Protein chains: 2
Amino acid sequence: MRNSLADVVAAGLRVLDAHGLEHCSMRRVAAELGVQPSALYHHVSDKQTLLALMADEIVGPATALGAAVADPRSCCIALREAMLAVRDGADVVATAAAFRLGASEAERRLAGLVGPDGARTLLLYTFGHAQSTQTHRQAAALGALIDPAALPRGGTTDPAAATDLDASFERGLDIILRGLGAPAQLNPVLGAAEPQNSVF
Amino acid sequence: MRNSLADVVAAGLRVLDAHGLEHCSMRRVAAELGVQPSALYHHVSDKQTLLALMADEIVGPATALGAAVADPRSCCIALREAMLAVRDGADVVATAAAFRLGASEAERRLAGLVGPDGARTLLLYTFGHAQSTQTHRQAAALGALIDPAALPRGGTTDPAAATDLDASFERGLDIILRGLGAPAQLNPVLGAAEPQNSVF
DNA sequence: ACCTGAACACCGTTCAAGT
DNA sequence: ACCTGAACACCGTTCAAGT
């Protein structure tokens with residue numbers, strides 16, 4: 001045999017991470033495998049299916065059996081980290097999840113902890129924030145390429161912005177968890193009055 | 001003059017509503033106006049810009065000055081209704097919002113009511129749930145076309161599913177609002193223990 | 001089982017040129 | 001100011017045919 005389904009999914013993830021979702025075409029994935037575009041359709045019925053399989057792979061690390069995290073907070077943070085680890089990962093996972101594939105293992109786990117409504121609310125927020133984070137990061141990276149004078153001294157890209165987005169995510173997470181009656185999260189730094197600016 | 005920017009945006013919305021985002025190409029919008037594809041680039045610099053303008057138009061009804069709703073709950077519900085009113089509207093608005101255009105007027109308003117973190121959390125949830133709702137609706141519509149035997153008697157599409165999604169949205173909304181310390185929403189029907197099934 | 005080669009019906013965008 | 005015509009470099013998917 002020449003290529004397996006796993007090879008196709010792996011090639012898809014390589015192309016995604018290297019070139020982004022916009023350029024992750026069937027033709028590019030085929031080229032990555034050194035094969036004709038039509039060959040992919042022996043392994044996968046269409047592009048949507050391939051993307052769903054890629055989404056499962058992206059989210060795998062966060063939903064692996066070994067990482068049996070008990071609290072919903074760490075669960076969402078792990079999920080977000082898994083999506084942010086690959087270029088445009090949040091878009092791929094969120095789209096696949098809307099079609100019911102992908103993160104449903106994560107949802108089952110969360111539903112056991114906070115009920116179905118809580119699980120859905122947490123997941124939709126987590127996906128949305130991750131997409132927003134990734135959009136802003138690639139906009140920042142593009143801006144840095146166009147206008148490299150923006151960097152005051154060393155450093156590849158502005159580290160403060162990334163920290164802000166991570167903190168912003170956790171604050172929103174704590175709002176939802178508070179609404180679910182979860183134990184209040186101990187946040188020793190900072191007062192609680194109207195911090196930070198908007199993400200959009 | 002032959003066509004204005006407003007004409008182009010209006011044509012875009014007509015194509016979107018009739019054929020969906022997937023088939024809302026520059027070439028189709030041009031054909032809708034009876035014009036060559038290249039003519040669009042006189043009015044708009046690229047497709048992304050056109051979609052952002054369309055997103056503003058979709059969300060307009062919900063953020064109009066006349067509809068100065070005071071509470072965040074009605075604000076989110078109005079936003080969701082505006083997105084659901086046009087085919088694939090949630091996708092278009094959510095994508096544009098991630099690029100900072102679109103719903104930022106709505107975010108300013110919400111931030112005044114519940115602070116920036118609350119506004120962001122509410123918006124990301126609202127966008128995500130609307131996208132999920134629209135995905136499920138068009139899957140249901142497709143299923144109804146393929147398998148019309150699923151309908152027990154009259155009715156175009158299953159009305160129960162739509163009701164469930166609307167109720168599911170409001171339950172999640174109330175979780176977040178509770179977390180924000182908003183006045184508890186009076187929900188007279190049903191007990192509170194683990195209702196409904198999953199959306200994903 | 002896995003792949004090639006060729007085709008079909010499309011894309012977004014650019015650019016010189018017309019009126 | 002607004003548009004045409006032609007081109008460039010792409011798409012996803014199908015299908016007969018090869019090995």
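Throughout, a chain's letter reflects where its sequence line sits, starting with A, and its residues are numbered from 1. Since this is a predicted model, take the numbers as computed values, not measurements.
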> How does protein reach along nucleotides 3-13 of chain C, written 5' to 3' as B (base within reach of a heavy atom under 4.0 Å), S (only sugar-phosphate), or - (no contact)?
Replying inline: SBB-B---BBB
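- No option in Leu13(B), Ile58(B), Val9(B) other than Val9(B) meets the side-chain contact (heavy atoms from CB on, under 4.5 Å) test with Leu53(B).
- Annotation: side chain to side chain donor-acceptor pair (under 3.5 Å) contacts of Arg2(B) (sequence neighbours excluded): none.
- Comparing dC2(D) with dA16(C), their C1' atoms sit 15 Å apart, to the nearest whole Å.
- Look at Arg14(A) and Glu32(A) and you find a salt bridge, because one of the NZ, NE, NH1 or NH2 atoms lies within 4.0 Å of a carboxylate O, short of that distance.
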> Run the side chain to side chain contact (heavy atoms under 4.5 Å, CB included) check on Tyr41(B) and Met26(B) step by step: do they pass?
Replying inline: CA-CA 9 Å; Tyr41(B) 293 85; Met26(B) 296 298 269; 3.8 Å; yes
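- Under the side chain to side chain contact (heavy atoms under 4.5 Å, CB included) criterion, Cys75(A) pairs with Val69(A), Leu110(A), sequence neighbours left out.
- Scored by the side chain to side chain donor-acceptor pair (under 3.5 Å) test, Glu57(B) finds no partners at all (sequence neighbours excluded).
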> Once Watson-Crick and G-U wobble pairs under 3.5 Å are found, how is DNA chain C written in dot-bracket notation, 5' to 3', with | for any base paired to another strand?
Replying inline: ||.|||||...|||||.||
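- With salt bridges taken as basic N to acidic carboxylate O contacts below 4.0 Å, none links Asp174(B) and Arg171(B).
- With sequence neighbours excluded, the residues forming a side chain to side chain contact (heavy atoms under 4.5 Å, CB included) with Arg27(A) are Ser25(A), Pro37(A), listed by chain and number.
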